[in-house]
Protein chains: 2
Amino acid sequence: MNSKDPPFGHSPLPGSASPEICTKSAFVLSLLGDKWSVRVIVRLSAGTLRFNEIKRLVGGISQRVLTSTLRNLEREGLVHRTVHPTVPPRVEYQLSDLGRSLWTVVYPLGEWAAEHMNEIHAARARFDQAR
Amino acid sequence: MNSKDPPFGHSPLPGSASPEICTKSAFVLSLLGDKWSVRVIVRLSAGTLRFNEIKRLVGGISQRVLTSTLRNLEREGLVHRTVHPTVPPRVEYQLSDLGRSLWTVVYPLGEWAAEHMNEIHAARARFDQAR
DNA sequence: CTGTATCCTCGTTGATACTG
DNA sequence: CAGTATCAACGAGGATACAG
């Protein structure tokens, strides 16, 4: 995810009217669809945190992957990273304005999930049992 | 993605107040965060489509992966699959009520992307060039 | 037309050890 | 404390061929 940008810039189909939304929704999902980004953002939505605080709060994430996840979020401009040149080093992470703005539109997905999680699990049970 | 459910049912951290939202947003993203689900849903949001119509409209997806994607969406209860036992076979796909409901909350992400895509690309450019 | 069945490649994740 | 460096494992995704 770090290395090369996904192929989302490709031109809309010629003669096609509306596929704007497709590309753009998929683009946002490609930013957050990985395993950890949202979980990190949720924690940062509560305020500034240090590396190991995030690690503890998120839980189950390795140092290496958390580093990578935070770098991605920083690269997309969703998270700010502040290094205090002390010893031992102190690095603080916080959501940028852009990150907070994104959060306001991602949050409703959590609410939707809360309302419909049971329906999804019911559908899964039906589907799986039908085989 | 078909085989086993992601580990999202795990208990909220003991003594922690709010991490509900985390788990649930991440759950929805785990449904749609793969490479093709949203692109398929967008097309189906316009109406009923046959297998190869989706394949053509989405573009760049292989038969095997489209089949898998549609099976997942069907399993989650987001898409209905109707088989007409004719020859040659005719299979129609459409969003379920649940799928349409989800779409209303995913759509705003596309709008957000449309507004802020430039900021993200600017942030990327700044970040990449700083190395 | 609508899928299955294989095979293969690549990226993401994870575990572990080491550094400033 | 906050990373970087390796290495191993796994799964998603793609190419191709075949089937009902």
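Numbers restart at 1 for each chain; the letters A, B, ... are given by sequence-line order, proteins then strands.
- Residue B:R90 places no side-chain N or O under 4.0 Å from the OP1 or OP2 atom of C:dG3.
- Taking the side chain as every heavy atom from C-beta outward, A:V28 and B:W112 approach each other to under 4.5 Å.
- Annotation: B:F27 is in aromatic contact with A:H121 [ring centroid separation under 6.0 Å].
- Residue A:D34 has its side chain nearest to C:dT13 when only C:dT13, D:dA2, C:dT2 are considered.
- As rounded to whole Å, 11 Å separates atom P of D:dT4 from atom CG of A:L66.
- The side chain of B:Y93 contributes an N or O atom lying less than 4.0 Å from OP1 or OP2 of C:dG3.
- Looking at B:E74 and B:H80, their side chains never come closer than 4.5 Å, going by heavy atoms from C-beta outward.
- When rounded to the nearest whole Å, the span between CD of B:E92 and C1' of C:dG3 equals 16 Å.
- Along DNA chain C, the nucleotide closest to A:I61 and the one closest to A:P88 are compared, and the more 5′ of them pairs with A:I61.
- B:L31 places its CG atom 14 Å from the P atom of D:dA12, with the value rounded to the nearest Å.
- D:dA2 atom P lies 15 Å from atom CD of A:E74, rounded to whole Å.
- A salt bridge between B:R90 and B:E92 is present, with a side-chain N of the basic residue lying under 4.0 Å from a carboxylate O of the acidic one.
- Close to C:dT4, at under 4.0 Å from its OP1 or OP2, lies a side-chain N or O of B:R71.
- Annotation: side chain of B:L102 is in contact with side chain of B:L32 (closest heavy-atom distance under 4.5 Å).
- Contacts of B:N52 with the nucleic acid, taken as non-hydrogen atoms under 4.0 Å apart, include base atoms.
- For D:dC1, neither phosphate oxygen OP1 nor OP2 lies less than 4.0 angstrom from any side-chain nitrogen or oxygen of A:K55.
- Between A:R81 and the phosphate of D:dG3, there is a side-chain N or O to OP1/OP2 separation shorter than 4.0 Å.
- Atom-to-atom, CD1 of A:I54 to C1' of D:dA2 comes out at 11 Å; the value is rounded to the nearest Å.
- Closest approach to the A:F51 side chain among C:dG14, D:dA2, C:dT2 is made by D:dA2 (side chain taken as heavy atoms from C-beta onward).
- Contact annotation: A:R50 reaches the phosphate of D:dA2 (side-chain N/O to OP1 or OP2, under 4.0 Å).
- The nearest whole Å value for the distance from the CH2 atom in A:W36 to the P atom in C:dT13 is 9 Å.
- Atom NE2 in A:H84 sits about 13 Å away from atom P in D:dG3, given to the nearest Å.
- For B:R64 and C:dT6, a side-chain-to-base donor-acceptor distance below 3.5 Å is present, hydrogens and geometry of angles not being considered.
- Taking atom CD on A:Q63 and atom P on C:dT13, their separation rounds to 16 Å, with Å as the unit.
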